[in-house]
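Heavy atoms only: backbone and side chains are in, while hydrogens, waters and symmetry mates are out.
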Amino acid sequence: MEKMVESVGLTIHCMDGRMKEIPLEIWQVNIICQILGIIVRLPNLDDYEMASEDSVNERMEIYYNAIKSMAEREES
């Protein structure tokens, strides 16, 4: 991905017409894609898949439980 993609941004569109684009680094994009189950097949940017909301919620529960478990181990 790093050699083909120049930049990626998170764009926020407000109801009042304002817009803010936040530039992301490739490592941040990779994490977001893993969490949300997004797959973009390069070089064809129109070819992508996204996981369902239920699938993402299940994945987030696993992440949350893993982080909670790690924190509990660090405390003891």
Side-chain angles (χ1 to χ4, degrees):
M1 182 179 210
E2 290 181 35
K3 298 188 188 315
M4 183 167 282
V5 175
E6 180 180 337
S7 67
V8 176
L10 171 64
T11 305
I12 301 169
H13 299 263
C14 295
M15 297 298 283
D16 64 5
R18 291 179 298 139
M19 186 173 71
K20 176 69 175 179
E21 182 164 342
I22 302 167
L24 300 174
E25 295 186 28
I26 296 299
W27 68 267
Q28 293 169 315
V29 174
N30 289 334
I31 291 170
I32 291 168
C33 287
Q34 288 176 25
I35 291 171
L36 297 178
I38 299 172
I39 298 169
V40 179
R41 289 179 187 77
L42 300 173
N44 181 1
L45 296 177
D46 292 329
D47 188 10
Y48 68 93
E49 294 177 22
M50 293 176 47
S52 69
E53 182 178 1
D54 289 340
S55 179
V56 172
N57 286 339
E58 289 173 13
R59 189 174 293 128
M60 290 306 300
E61 185 175 348
I62 291 168
Y63 288 151
Y64 172 77
N65 289 334
I67 291 169
K68 184 178 173 184
S69 176
M70 288 182 345
E72 289 171 353
R73 279 185 273 169
E74 289 177 2
E75 289 176 0
S76 53

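Placement of Tyr64 and Leu36 in two distinct hydrophobic clusters is found when ILVMFWY residues are connected by side-chain heavy-atom separations under 4.5 Å, directly or transitively. No single ILVMFWY cluster, assembled from side-chain heavy atoms under 4.5 Å apart, contains both Val29 and Ile39.
Under the side chain to side chain contact (heavy atoms under 4.5 Å, CB included) criterion, Glu25 pairs with Trp27, Gln28, not counting sequence neighbours. Remark: Asp54 pairs with Ser52 by the side chain to side chain contact (heavy atoms under 4.5 Å, CB included) rule, at least two apart or across chains. Residues meeting the side chain to side chain contact (heavy atoms under 4.5 Å, CB included) test with Asp16, sequence neighbours left out: Cys14, Arg18. With sequence neighbours left out, the side chain to side chain contact (heavy atoms under 4.5 Å, CB included) criterion links Ile35 to Ile31, Met60, Tyr63.
The CG atom of Leu10 sits 6.5 Å away from the CD1 atom of Ile32 when rounded to the nearest 0.5 Å. To the nearest 0.5 angstrom, Glu58 atom CD is 11.5 Å from Glu53 atom CD.
Annotation: side chain to side chain donor-acceptor pair (under 3.5 Å) contacts involving residues 33-48, sequence neighbours excluded, comprise Arg41-Glu49. Applying the salt bridge (charged side-chain N to carboxylate O under 4.0 Å, His left out) rule to pairs touching residues 59-76 yields nothing, sequence neighbours excluded.
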